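Report on the structure given below.
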Amino acid sequence: MPSVRVTFPDGATKEFPQGTTALEVAKSVGPRLAADALAAKVDGRLVDLSHRIQSDAPIQFVTPSSPEGLEIYRHSSAHLLAAAVLELFPDAHPGVGPPTETGFYYDFYREKPFTEDDLAKLEAKMQELVKADLPYERVYYNKEEGIKLFEKMGEFLKCELIQEKADPVFSAYRTGKFLDFCRGPHIPSTGRIKAVKLLSVAGAHWKGDEHSHPLQRIYGTAFFSKKDLDDFLNQIEEAKKRDHRRLGTELDLFSIQDDAGPGLIFWHPKGGIIRTEIEDWLRAELVKRGYAMVYTPHAMRLHLWEISGHTDFYRENMFGPMPVENDRYQLKPMNCPGHILIYKSRRRSYRELPMRLAELGTVYRYERSGVMHGLMRVRGFTQDDAHIFCMPEQLEAEVESCVEFAFEVLKTFGFDRYEVELSARDPNHAEHYAGTVEDWERAEGALIETLKRMKVPYKYMPGEAVFYGPKIDIKLVDAIGRPWQLTTVQFDFNLPRRFGLEYVAADGHAHTPVMVHRALLGSVERFFGVLIEHYAGAFPVWLAPVQAVVLPISEKHLTYARQVSDKLREGGIRVELDDRNEKLNARIRDAQLQKVPLMLVAGDREIERRGVSVRRRDTGDAGFQPLDAFIPWLRELIDTRAVKW
RNA sequence: GCCGGCGUAGCUCAGUCGGUAGAGCAACGGUUUCGUAAACCGUAGGUCGGGGGUUCGAUUCCCUUCGCCGGCUCCA
């Protein structure tokens with residue numbers, strides 16, 4: 001019998017008879033590995049453990065600790081779900097069921113909706129199938145034969161997929177009653193699934209096309225241990241507690257009102273304070289960096305949006321135009337045309353460039369009714385927008401300054417993790433893009449060079465650029481690890497040409513400037529939402545709507561408490577006096593729930609020593625402080641915008 | 001926009017198999033004057049999201065509309 005030589009990751013090699021399965025190879029290494037292995041990688045290709053090795057190849061086993069391990073495990077869990085569905089609901093037709101970042105889902109076509117109760121039943125059935133330890137059996141069909149088979153089973157969605165995607169001979173996996181057109185690999189059997197949970201059922205569309213069949217998507221997740229699953233479920237609970245919509249109401253920060261309409265934000269006084277702090281900081285930074293603050297109208301002639309091209313490529317995101325006298329006006333969905341008109345208001349010299357126009361510009365975008373989400377996705381929002389008009393050779397310096405500015409934002413607001421993406425054109429489809437190839441090369445080169453020079457790791461995303469230019473997006477990662485897209489730095493080859501922008505260069509001739517569009521916070525609303533969730537409502541002192549609350553122990557300490565609060569207020573500190581007829585404990589509790597950073601207890605002892613007893617929101621009683629020391633300490637915290645204190 | 005779920009007091013929620021509603025917290029009044037996360041007593045508060053229909057009678061059943069939630073799609 002011919003033999004094959006497999007090479008292990010450590011370089012060791014071993015001979016086996018040809019046709020030996022990966023599992024047998026694992027067993028030869030040790031029973032532990034055989035029990036742990038979920039799949040294998042032979043010659044760099046992921047395969048089942050039942051895969052027979054036919055020629056010399058490097059081999060490597062996928063275990064729970066491998067990067068691919070969880071993905072395969074969850075993919076198999078999705079098959080397990082489908083198998084359970086077919087047992088209990090034979091009228092359901094499987095669509096697709098991939099693993100996701102946090103679990104898996106499976107889509108089904110079915111007339112009747114799945115209910116919460118159905119999920120419980122399905123989970124029970126899945127447990128049964130786990131106990132039955134059904135194999136994930138890999139089978140092959142040739143295309144015509146396979147389509148006939150799936151047709152006979154009535155699986156019209158699968159037929160469509162096979163028709164579109166299958167090779168002449170394709171693989172499928174059978175688990176119980178469920179047969180799936182699937183590339184694999186899968187774990188050996190359902191008994192390997194240790195902790196699986198169904199989470200929700202939601203609507204979806206066949207192949208993501210909203211005009212196609214409506215499907216029901218069952219979401220679930222799976223982990224290698226019960227503990228990991230519980231941790232994940234706890235994290236969901238934690239995220240719920242941080243939900244900015246809940247905290248927005250509890251802390252009286254903002255509201256969205258039925259009478260006004262969805263997606264429109266009312267900033268309450270406490271939210272307003274935070275916004276003011278954010279904006280004041282930002283404006284000061286903008287000015288430091290050579291930006292000029294401008295203001296532009298909220299509605300302008302529709303004609304302007306025809307020039308910019310928005311009526312062509314952005315129409316479905318714009319509110320309908322409003323008739324005014326004999327003309328039509330458009331509520332602005334973007335600030336760029338306004339800034340361009342300022343640039344164009346007179347002839348520009350190269351000496352004026354780069355010209356950086358910044359505006360906290362409120363824009364209105366029509367969002368389809370099902371997509372709004374608290375502060376994160378709204379119909380009216382304020383961008384910390386700026387447009388930089390410059391000469392091509394100034395690009396790199398401008399990009400660097402934008403990226404550096406973005407990092408300053410992250411640092412100031414207490415985010416220490418981020419992800420950078422560079423969206424470039426798809427080189428195979430030059431016709432999709434405005435601007436010349438040279439323009440694009442220069443712009444993409446400037447972005448890449450800048451990121452390299454700044455030693456910023458980034459993900460290169462070819463084909464992700466918008467048609468008018470390449471861009472850098474920065475996603476910040478919040479306290480519980482969720483990424484949020486905020487900062488964007490985009491080139492625009494389109495608008496300067498459309499509007500015929502010019503500057504007179506040193507050579508005395510007119511040239512077209514390059515335009516950079518950038519937002520750092522993105523939208524003030526979304527940024528606020530992210531901040532609320534990041535801090536779970538417990539803002540750093542400089543942002544806290546109420547920085548300190550004074551708590552007189554009883555009525556006879558009220559006069560002193562009032563003096564203390566006056567003194568703090570004179571020091572520019574946002575202080576409240578809680579003189580309600582409640583016990584101290586009750587008032588402390590309320591202040592804690594309102595996440596006030598500092599509680600200042602004032603009673604006989606404090607009067608005597610001209611101070612307060614400080615209680616911190618995070619660590620509790622911090623002991624006595626004389627006012628002369630406390631106020632400067634607090635002032636310093638605020639002035640330095642301390643995130644940790 | 002689409003699929004599914006849901007709208008009862010300011011908030012969180014109970015309830016009515018059709019006979020027009022209840023709790024806790026919050027609010028308000030009083031008693032209490034208190035030392036680091038909830039004192040006590042009382043009062044008031046709801047056209048049960050809006051409109052239409054069925055019915056002697058609708059918060060409950062049906063239709064429709066608005067909104068919210070989870071997704072899909074899209075996105076700052």
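Since the model is a prediction, treat every value here as computed from it, not as a measurement. Just so it is clear: chains get the letters A, B, ... in the order the sequence lines come, proteins before strands, and each one is counted from 1.
As rounded to the nearest Å, B/rU20 and B/rG30 have P atoms that lie 36 Å from one another. For the P atom pair drawn from B/rC13 and B/rA9, the interatomic distance equals 11 Å after rounding to whole Å. Separating the P atom of B/rC48 from that of B/rU60 is a span of 9 Å, rounded to the nearest Å. Distance noted for atom C1' between B/rG70 and B/rG35: 47 Å (whole Å). Nucleotides B/rG51 and B/rA58 place their P atoms 13 Å apart, quoted to the nearest Å. One C1' atom belongs to B/rC61, the other to B/rC3, and the distance between them is 24 Å to the nearest Å. Nucleotides B/rC34 and B/rC40, compared at atom C1', are 13 Å apart to the nearest Å. Taking the C1' atoms as reference points, B/rU47 lies 13 Å from B/rU8, given to the whole Å.
Residue contacts for A/T115: at a heavy-atom cut-off of 4.0 Å it reaches no nucleic acid atom on any strand shown.
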*Under 4.0 Å protein heavy-atom contact, by nucleotide of nucleotides 70-76 of chain B - B base, S sugar-phosphate only*: BBBBBBB

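A centroid separation of less than 6.0 Å is found between the aromatic rings of A/F528 and A/W267.
Across every strand in view, B/rG35 sits unpaired, with no contact that passes the Watson-Crick or G-U test at under 3.5 angstrom. Within the shown strands, nothing qualifies as a pairing partner of B/rU20 under the Watson-Crick or G-U definition with both distances less than 3.5 Å. The partner of B/rG45 is absent, by the rule that a Watson-Crick or G-U pair needs both atom distances under 3.5 Å. In this structure, B/rC25 forms a base pair with B/rG10, meeting either the Watson-Crick or the G-U wobble geometry with both donor-acceptor distances under 3.5 Å. Remark: B/rC2 base-pairs with B/rG71; criterion is Watson-Crick or G-U wobble with both hydrogen-bond distances under 3.5 Å. Pair assignment for B/rC40 gives B/rG30, based on Watson-Crick or G-U wobble hydrogen-bonding distances that are each under 3.5 Å.
Annotation for A/H517 and A/H387: closest pair ND1-NE2, 2.8 Å, computed over non-hydrogen atoms. Closest approach of A/R74 and A/T102 over heavy atoms only: NH1-C, 3.6 Å. The two atoms that bring A/A358 and A/H339 nearest to each other are C-CE1, 4.4 Å, heavy atoms only. A/I274 and A/L543 make their closest contact through CG1-O, 3.1 Å (heavy atoms, listed as atom of the first residue, atom of the second, distance). Considering every non-hydrogen atom in both A/F539 and A/P545, the closest pair reads CD1-CD, 4.3 Å.
Using a distance-only test at 3.5 Å, with no hydrogens or angles considered, no donor-acceptor pair links the side chain of A/H534 to the main chain of A/F415.
Near RNA chain B, defined here as any heavy-atom distance below 4.0 Å, the residues from residues 587-608 of chain A are A/I588, A/R589, A/Q592, A/L593, A/V601, A/G603, A/D604, A/R605, A/E606, listed numerically.
Side-chain contact, A/K332 with A/T296: a donor N or O sits under 3.5 Å from an acceptor N or O. Between the side chains of A/Q592 and A/R615, at least one donor N or O sits under 3.5 Å from an acceptor N or O. Side-chain contact annotation: A/R365 with A/Y314, donor-acceptor N/O pair under 3.5 Å present.
Atom NZ in A/K583 sits about 5 Å away from atom C1' in B/rA39, given to the nearest Å. Atom-to-atom, CD of A/Q257 to P of B/rG49 comes out at 18 Å; the value is rounded to the nearest Å. When rounded to the nearest whole Å, the span between CD of A/E582 and P of B/rC28 equals 10 Å. The interatomic distance linking A/L247 (CG) with B/rC11 (P) rounds to 16 Å, in whole Å. Note: CZ (A/F319) to P (B/rG1) measures 12 Å, nearest angstrom. Whole-Å rounding puts the A/D578 CG to B/rA37 P distance at 15 Å. Rounded to whole Å, atom C1' of B/rC2 lies 11 Å from atom CG of A/L215. Per the geometry, CG belonging to A/D107 stands 19 Å off P belonging to B/rC2, to the nearest Å.
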Every protein N/O within reach of nucleotides 64-66 of chain B N/O, cut-off under 3.5 Å:
none

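With A/W305 as the aromatic partner, A/R315 does not meet the cation-pi criteria of under 6.0 angstrom to the ring centre and within 45 degrees of the ring axis.
Residue-to-nucleotide contacts include a donor-acceptor pair under 3.5 Å from the side chain of A/R615 to the base of B/rA37.
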*Dump the intermediate steps for side chain to side chain donor-acceptor pair (under 3.5 Å) on A/E285 and A/Y291, then the final yes or no.*
CA-CA 9 Å; A/E285 292 294 313; A/Y291 287 82; over 6 Å; no

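Ranking B/rG1, B/rU33, B/rG35 by closeness to the A/S554 side chain, first place goes to B/rU33.
Salt bridge annotation for A/K270-A/D252: absent, with no cationic side-chain nitrogen under 4.0 angstrom from a carboxylate oxygen.
Across the interface with RNA chain B, nearest-nucleotide mapping of A/I256 and A/H557 shows A/H557 to be the residue nearer the 5′ end. Between A/A586 and A/K556, it is A/K556 whose nearest contact on RNA chain B lies nearer the 5' terminus.
Each of A/L215, A/V85, A/L157 was compared with A/F108 under the side chain to side chain contact (heavy atoms under 4.5 Å, CB included) criterion, and only A/V85 meets it.
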